[in-house]
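Position 1 is the first residue of the sequence; numbering continues from there.
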Amino acid sequence: MHVAIVGNGIAGVTAARHLRKLDSSVRITLISGETDHHWSRPALMYVYMGHMRWEDVKPYEDHFWPRNRIDLVRRWVTSIDVEGRQLHLDGARTIPFDKLLLAVGSKPNKFGWPGQDLRGVSGMVSLQDLQAIEAASVGLKHAAIVGGGLIGVELAEMFHTRGIDVTFLVREHAYWNHVLPAEEGDIVGEVIRAEGIDLRLETELTEIVDDGTGQVGAIVDSKGDRVEVGFVGLTAGVRPNLTVCAGSPIATDRGILVDRTLVTNVEGIYAAGDCAQVKTPEGHRDLIQAVWYTGRMMGEVAARNLLGASDEYDSGTWFNSAKFFDLEYQVYGYVPSAMAHHQLPSLAWISPDRRHACRLVETEDGKLSGISVLGIRMRHRVCERWIEEGRDLAYVLAHLREAMFDPEFYRRWDRDIVAALSGKVAA
Ligand SMILES: Cc1cc2nc3c(=O)[nH]c(=O)nc-3n(C[C@H](O)[C@H](O)[C@H](O)COP(=O)(O)OP(=O)(O)OC[C@H]3O[C@@H](n4cnc5c(N)ncnc54)[C@H](O)[C@@H]3O)c2cc1C
């Protein structure tokens, strides 16, 4: 059997590795237009900032692929011939397959802004984006970033380390408030401003202005301000990459539609990672999970199912982490954002210096729904266990110390949190 995998990100590569582990005879072809070899996308900023070299962000040595008989093809897939079971690639090449995995990742959102295709305008997702940002940084004095979130703040930090001024436009009234509760969003906004970034909340991009040579020269925002900039970073979120499905019968919605076994509506064709939209039972929102660890989990499930199993994907208790300059953030389980329609009862503690915070959220029947922390590290396994065991907030506070993970000699915050919140927990 020949399995073709489109995309050499974490989902595609995990699937390829597990296919080989499980079956020594299956033929595996891994195709990507972006790079010859798999690399760690979350490490992109560290390459720019000089903390890591390009070689350091490739998790596997180049000899790993031939040794495991995984054929690498560096090409863009232009279309899928579902009936004829073959892929069309640029350069007029075709690759036949028996089974196919689409692991084509995300694309940065663009909202049709005037000037969005000028030179000096880029997202920050691919190696090519990194190269464009690197090239634009030479002699750059001022950059604009459009869209709050994790990638926007990373780009702001990158420019900041090179002394490039940043004007940062964020449509919402608090930072990342479709994910963070309002108070945490405010703290993150304060941290970004304290670094000297010109963060403009409730401000949208109106136009990117051509300097007369096809290169960005300035931006105009929704408040009518014009800022002279030499680069614009578009970081207003990402969406599943559906391009490869165009003209094929593979069903798509916001993502490539798959059931829990990750199969699409076409037998033998699967999707995994950022590009997949996993259908859920009636009344629940389908899952589109654009994070590293879920891509890896989906890749494993896809590998087993490509070989004939019918395992169901289950991401378990949600986890995410991020860094806003030096401020670390972690969330376990469900903590409603400022914008969530359905708020749940929660207890929040914020340190007097506003650089540490902890929030415990309760389900309607009094069980722990989620925990989030800023400037504090917690033990993943402990938080996950409390949520899975349905512990109540009184139990969580009584055992909070078990979850604290701050390194030795760092101030521990559990006593402050317990002292502030214990009196507020229903007996
Ligand atoms: C800057 C940045 C920082 C991030 N930081 C974090 C983090 O800290 N933690 C976290 O959990 N997640 C983070 N993420 C998200 C995480 O990187 C993604 O969720 C993950 O990489 C998705 O993996 P994937 O395999 O689904 O897709 P991708 O890694 O996007 O890989 C898809 C591959 O398919 C290729 N491809 C697409 N179309 C075609 C085609 N037609 N033909 C050939 N090849 C094609 C693409 O070029 C790409 O190489 C970050 C993302 C970015 C951009």
Side-chain angles (χ1 to χ4, degrees), residues 3-19 28-35 38-42 44 73 75-80 82 87-90 95 97 99-110 123-129 149-151 235-280 285-306 312-315 320:
V3 177
I5 300 173
V6 189
N8 70 354
I10 185 65
V13 158
T14 305
R17 284 179 42 237
H18 282 265
L19 280 169
I28 307 166
T29 304
L30 183 59
I31 307 152
S32 174
E34 183 185 8
T35 51
H38 169 61
W39 65 291
S40 172
R41 206 171 291 287
L44 191 150
V73 175
R75 288 251 184 251
W76 293 104
V77 173
T78 50
S79 62
I80 305 169
V82 164
L87 298 171
H88 291 275
L89 280 60
D90 61 357
I95 292 186
F97 62 84
K99 291 197 177 171
L100 175 66
L101 174 64
L102 300 173
V104 288
S106 299
K107 285 170 88 161
N109 283 326
K110 282 186 172 184
M124 191 176 86
V125 172
S126 65
L127 170 67
Q128 289 73 23
D129 294 339
L150 296 187
I151 300 180
T235 60
V238 293
R239 63 177 190 282
N241 181 0
L242 306 179
T243 317
V244 81
C245 298
S248 84
I250 299 168
T252 60
D253 176 32
R254 290 178 296 134
I256 302 173
L257 285 168
V258 290
D259 68 15
R260 287 238 170 227
T261 67
L262 305 182
V263 72
T264 65
N265 61 317
V266 179
E267 201 207 323
I269 301 186
Y270 293 73
D274 281 19
C275 65
Q277 177 176 341
V278 184
K279 287 183 274 183
T280 50
R285 204 171 148 77
D286 287 356
L287 296 177
I288 296 182
Q289 296 178 316
V291 291
W292 189 260
Y293 83 96
T294 54
R296 197 177 52 218
M297 289 170 78
M298 285 193 220
E300 266 194 69
V301 172
R304 293 198 292 273
N305 293 347
L306 281 157
E312 297 206 339
Y313 168 68
D314 175 6
S315 59
N320 202 1

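Scanning all heavy atoms of the two residues, the minimum distance from L100 to L102 falls at CD2-CD2, 4.0 Å. Of all heavy-atom pairs between V104 and C275, the closest is N-SG, 3.6 Å. Here the shortest heavy-atom pairing between V263 and G268 reads CG2-N, 4.2 Å. What you find for A272 and G299 is that their closest heavy atoms are CB-N, 4.4 Å. G12 and A103 make their closest contact through N-CB, 3.6 Å (heavy atoms, listed as atom of the first residue, atom of the second, distance). The heavy-atom pair separating L101 from A302 by the smallest distance is CD1-CB, 3.9 Å.
Rounding to the nearest 0.5 Å places OG of S32 at 10.0 Å from CG of L127. The CG atom of L87 sits 5.0 Å away from the CD1 atom of I31 when rounded to the nearest 0.5 Å. Within the model, atoms CD of E34 and CG of D129 stand 8.0 Å from one another, a figure rounded to the nearest 0.5 Å. Here the OG1-CD1 distance, from T29 to I95, works out to 5.5 Å after rounding to the nearest 0.5 Å. Separation of atoms CD1 (I269) and CG (L306) is listed at 10.5 Å; rounding is to 0.5 Å.
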* Begin with the C-alpha distance, continue with both residues' side-chain angles, and end with the deciding distance and a verdict on side chain to side chain contact (heavy atoms under 4.5 Å, CB included) for V301 and H18. => CA-CA 9 Å; V301 172; H18 282 265; over 6 Å; no

* side chain to side chain contact (heavy atoms under 4.5 Å, CB included) between L44 and W39, intermediate numbers included -> CA-CA 9 Å; L44 191 150; W39 65 291; 3.5 Å; yes

* **Working for side chain to side chain contact (heavy atoms under 4.5 Å, CB included), residues I5 and L19** => CA-CA 11 Å; I5 300 173; L19 280 169; 4.0 Å; yes

* Asked: Could you walk me through whether K107 and T243 pass the side chain to side chain contact (heavy atoms under 4.5 Å, CB included) check?
  -> CA-CA 10 Å; K107 285 170 88 161; T243 317; 3.1 Å; yes

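For Q277, the side-chain contact (heavy atoms from CB on, under 4.5 Å) partners two or more places apart in sequence, or in a different chain, are D253, R254, L257, D286, I288. Evaluation of the side-chain contact (heavy atoms from CB on, under 4.5 Å) rule for S315 yields Q289, T294, Y313 as partners, not counting sequence neighbours. For T252, the side-chain contact (heavy atoms from CB on, under 4.5 Å) criterion is met by L242, C245, I256, not counting sequence neighbours. Remark: R296 engages no residue in a side chain to side chain donor-acceptor pair (under 3.5 Å) (not counting sequence neighbours). With sequence neighbours excluded, the residues satisfying side chain to side chain donor-acceptor pair (under 3.5 Å) with R17 are Y60. The salt bridge (Lys or Arg N to Asp or Glu O under 4.0 Å) search around K279 returns none, not counting sequence neighbours. Residues meeting the side chain to side chain donor-acceptor pair (under 3.5 Å) test with T78, sequence neighbours left out: none. Residues satisfying the side-chain contact (heavy atoms from CB on, under 4.5 Å) test with P42, not counting sequence neighbours, are S40, W292. With sequence neighbours left out, K99 forms a side chain to side chain donor-acceptor pair (under 3.5 Å) with no residue at all.
For residues 261-271, the pairs satisfying side-chain hydrogen bond (donor to acceptor under 3.5 Å, both in side chains) are D259-T261, with sequence neighbours left out.
Side-chain atoms of N241 and D274, non-hydrogen and from C-beta on, never get closer than 4.5 Å to each other.
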